[in-house]
Amino acid sequence: MRVSRGDLLSLLRKATDMDQYVDRVRGIINDVKEHGDEALLRLTSELDGVKLSSIELSQSELRALASGIEPRVREALDEVMASVESFNTGVKPRDFEDYHRGLRRGVKWVPLSRVGLYVPKGYFSTLVMTGVLAKVAGVEEIIAVTPPRRDGLIDPEIAYVALRLNARVFRVGGAQAVAALAFGTESVPRVDKIIGPGNAYVQAAKLLVSSHVGIDGVEGPTELVTCADPGIKPITVALDLAAQLEHAGAVGVVVTWSEGYLTAIEDELSKLTNAPYFSTLVNEPSECVNVINEVAPEHASIWGVKIPIEGIRNAGAVSIMAPSALVDYAAGPSHVLPTGGSARWRGVLTPMDFMKPIAYVEPTSGDEARRLGELGAVLGLREGFRRHSEALTNWINEE
Ligand SMILES: NC(=O)c1ccc[n+]([C@@H]2O[C@H](COP(=O)([O-])OP(=O)(O)OC[C@H]3O[C@@H](n4cnc5c(N)ncnc54)[C@H](O)[C@@H]3O)[C@@H](O)[C@H]2O)c1
Ligand SMILES: N[C@H](CO)Cc1c[nH]c[nH+]1
Ligand SMILES: [Zn+2]
């Protein structure tokens, strides 16, 4: 749909609003909290049409499933896992320590103990884009949840990647899986943090349980804003957008500054997809960056050299002269990316999401450190915390 730049944002925010799912999801969460595995099995039957006798897949079941993976897919997964691992090892946060006025002080990055990974139905690549980061971070226990297929099983690729990551796999999805990870059931262990993309039910559930368990952020239905210079073949841009429009509930925007060129891209898109998307005209290349920063999309792709990409501040991942599908599968950065405008305050998933910084301080030179104690005592008194002040004053005066 051709829209003005002014109408674009309000139309997009309506498309990604999760409020309509909250009541339904709250009911599911309470059901799982109260009935545990029985609720998981009943909801999986109702919502996924699958009657399961058990929720967790054993190691031997995973090995049997993984044996069905196509060799060329296995080889592709091995290479992609190496690409994702090497990139995220570089991105992993480093400990910090310095000495300041008689104090040794630092931050130590500690991996979380047990993390729950939500792998959307049919997205085995998401287990790579979350599980490899958990491994890089040093997470001790990786728990993966994913909706079962109609036959009650899971894709061999999920089993293969899970075995490589030493992850446990539970055949449950949706808000019920999130509730199980947040509160634990007879089968599903409670985790410290839930990480992973999924549909609006999954993301609404993460938000609703986020006072009981850590969550990464909101990574809901896919979004792409693609900006193109009329010098790029229309089919190239159209395929980039059509790819992301394959995702359930995806939001797509194509932006350029030439009417004829935009029409040519729209013509190509009409042959590739029936999915709705927005197209909008700007006056000149730098305005493309303004549209991206206003929309704050999950994915942004830039086709051409006239668009000043250094100005992009709000986007999960930016693909430059490459389709956004390259990030989805193989480039190295995780494809778990912020949606619903949350790219204004959050970015691509990294090993930092699987770790936490613990600060520490230790006096090394009493005289110098005592001066910092004096400063604290003054401020504590002024703030009305007399014992804070006394604790510091006492420490200063100790021999
Ligand atoms: N932002 C990102 O980083 C990212 C990455 C990968 C995928 N995604 C998105 O993840 C989404 C995957 O969605 P999906 O639906 O295919 O799989 P999903 O696994 O997220 O959700 C499927 C589950 O939703 C539950 N469900 C379905 N209908 C329901 C209803 N009416 N009431 C309650 N629960 C219901 C079912 O339990 C089902 O198992 C896509 O929109 C895709 O774009 C986003
Ligand atoms: N584009 C999706 C993120 O929104 C990731 C993905 C997985 N498989 C294919 N694409
Ligand atoms: Zn994709």
Side-chain angles (χ1 to χ4, degrees), residues 15-16 18 20-29 31-32 39-50 52 80 84 117-130 133 144-150 152 154-155 157-158 170-180 195-206 216-225 239-252 275 296-301 315-317 319 323-331 333-343 346-349 353:
T16 57
M18 277 190 292
Q20 59 194 295
Y21 300 92
V22 168
D23 290 344
R24 171 77 173 119
V25 165
R26 185 174 282 114
I28 290 173
I29 291 170
D31 192 354
V32 172
L40 295 182
L41 294 169
R42 173 167 35 84
L43 288 163
T44 300
S45 172
E46 278 171 27
L47 296 167
D48 298 292
V50 182
L52 295 176
V80 160
V84 174
L117 306 180
Y118 188 89
V119 179
K121 188 171 191 162
Y123 284 78
F124 61 79
S125 57
T126 300
L127 184 53
V128 172
M129 298 294 177
T130 52
L133 278 65
V145 292
T146 192
R149 296 182 324 199
R150 278 284 180 180
I154 59 166
D155 289 336
E157 292 80 6
I158 292 188
F170 296 79
R171 292 174 286 184
V172 60
Q176 56 276 21
V178 171
I195 288 179
N199 63 22
Y201 296 103
V202 170
Q203 300 308 311
K206 282 165 62 180
D216 48 356
V218 175
E219 297 108 7
T222 296
E223 305 161 352
L224 169 64
V225 174
L239 275 169
D240 182 18
L241 189 62
Q244 299 306 341
L245 292 173
E246 288 184 306
H247 297 294
V251 171
E298 177 204 10
H299 285 276
S301 57
S319 305
S324 47
L326 187 64
V327 170
D328 287 346
Y329 287 118
S334 174
H335 76 211
V336 180
L337 301 163
T339 59
S342 61
R346 184 173 163 77
V348 63
L349 191 75
D353 289 291

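Note: hydrogens, waters and symmetry copies are ignored here, and every other heavy atom, side chains too, is used. As the structure is a prediction and not an experimental result, all values here were calculated from the model. Just so you know, ligand 1 is whichever comes first in the structure, and atom 1 is the first atom listed for that ligand.
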Next item on the list: Measure the distance from atom 9 (C) of ligand 2 to every protein heavy atom, then report the residue, atom name and distance (to 0.1 Å) of the closest one.
Entry: Y329 OH, 3.1 Å
Notebook entry, point to check: N/O of T222 under 3.5 Å from N/O of ligand 2, yes or no?
Noted result: yes
Next item on the list: Check each atom of ligand 2 against the heavy atoms of Q244 and keep those under 4.0 Å away; list them by number with element.
Entry: 1 (N)
Notebook entry, point to check: Can you find a heavy atom in the side chain of T126 that is under 4.5 Å from one in the side chain of H335?
Noted result: yes
Next item on the list: Run the numbers for me: atoms of ligand 2, each under 4.0 Å from some heavy atom of S125, listed by number.
Entry: 7 (C), 8 (N)
Item checked: Side chain S334, main chain M129, donor-acceptor under 3.5 Å -> yes
Notebook entry, point to check: Do the side chain of R171 and the main chain of I154 share a donor and acceptor less than 3.5 angstrom apart?
Noted result: no
Notebook entry, point to check: Quick one: which of R24, R26, R42 gives a salt bridge (charged side-chain N to carboxylate O under 4.0 Å, His left out) with D31?
Noted result: R42
Check: Can an N, O or S atom be found in H247 less than 2.8 Å away from the Zn ion (ligand 3)?
Finding: yes
Check: Does any N or O in the side chain of S45 come within less than 3.5 Å of the main-chain N or O of L41, such that one atom is a donor and the other an acceptor?
Finding: no
Notebook entry, point to check: Has S324 got an N, O or S atom lying less than 2.8 Å from the Zn ion (ligand 3)?
Noted result: no
Margin query: Keeping D240 on the side-chain end and S324 on the backbone end, is there a donor-acceptor pair under 3.5 Å?
Written below: yes
Check: Which of the atoms in ligand 2, numbered in the order shown and given with their element, are less than 4.0 Å from a heavy-atom of Y123?
Finding: 7 (C), 8 (N)
Next item on the list: Give the numbers and elements of all ligand 2 atoms closer than 4.0 Å to a heavy atom of E298.
Entry: 3 (C), 4 (O)
Next item on the list: Please find out if the Zn ion (ligand 3) and some N, O or S atom of D328 are separated by less than 2.8 Å.
Entry: yes
Checklist line | Side-chain H-bond candidate by donor/acceptor type, D328 with Q244, under 3.5 Å | finding: yes
Next item on the list: Answer yes or no: is there a donor N or O on one side and an acceptor on the other, between the side chain of E219 and the main chain of L337, under 3.5 Å?
Entry: no
Notebook entry, point to check: Within the distance-only criterion (no hydrogens, no angle test), does the side chain of K206 pair as donor or acceptor with the backbone N or O of D216 below 3.5 angstrom?
Noted result: no
Check: Is there a donor-acceptor pair under 3.5 Å between the side chain of E223 and the backbone N or O of G340?
Finding: yes
Next item on the list: Could you list the atoms of ligand 2 found under 4.0 angstrom from a heavy atom of H247?
Entry: 1 (N), 2 (C), 6 (C), 9 (C), 10 (N)
Notebook entry, point to check: What do you reckon, does H299 put a non-hydrogen atom under 4.0 Å from ligand 2?
Noted result: yes
Checklist line | Side-chain (Y118) to main-chain (A175) donor-acceptor, under 3.5 angstrom | finding: no
Identify all N/O pairs between ligand 1 and the protein with a separation under 3.5 Å and present them as a table of atom names and distances.
from	atom 1	to	atom 2	distance (Å)
ligand 1	1 (N)	G220	O	3.1
ligand 1	1 (N)	E298	OE2	3.1
ligand 1	1 (N)	L337	O	3.1
ligand 1	3 (O)	E298	OE2	3.3
ligand 1	3 (O)	H335	O	3.1
ligand 1	3 (O)	L337	N	2.8
ligand 1	3 (O)	L337	O	3.4
ligand 1	15 (O)	N199	ND2	2.9
ligand 1	19 (O)	Y118	OH	2.6
ligand 1	19 (O)	K121	N	2.9
ligand 1	20 (O)	N199	N	2.8
ligand 1	21 (O)	N199	ND2	2.7
ligand 1	24 (O)	N199	ND2	3.1
ligand 1	31 (N)	Y201	OH	3.1
ligand 1	37 (O)	D48	OD2	3.4
ligand 1	37 (O)	Q176	NE2	3.0
ligand 1	39 (O)	D48	OD1	2.5
ligand 1	39 (O)	D48	OD2	3.4
ligand 1	41 (O)	A248	O	2.8
ligand 1	43 (O)	T222	N	3.0
ligand 1	43 (O)	T222	OG1	2.6

Next item on the list: For atom 5 (C) of ligand 2, grab the closest protein heavy atom and report residue, atom and distance to one decimal in Å.
Entry: D328 OD1, 3.4 Å
Next item on the list: Fit a plane to each ring of Y201 and Y21, take the angle between them on a 0 to 90° scale, and name the class: parallel (under 30°), tilted (30 to 60°) or perpendicular (over 60°).
Entry: perpendicular
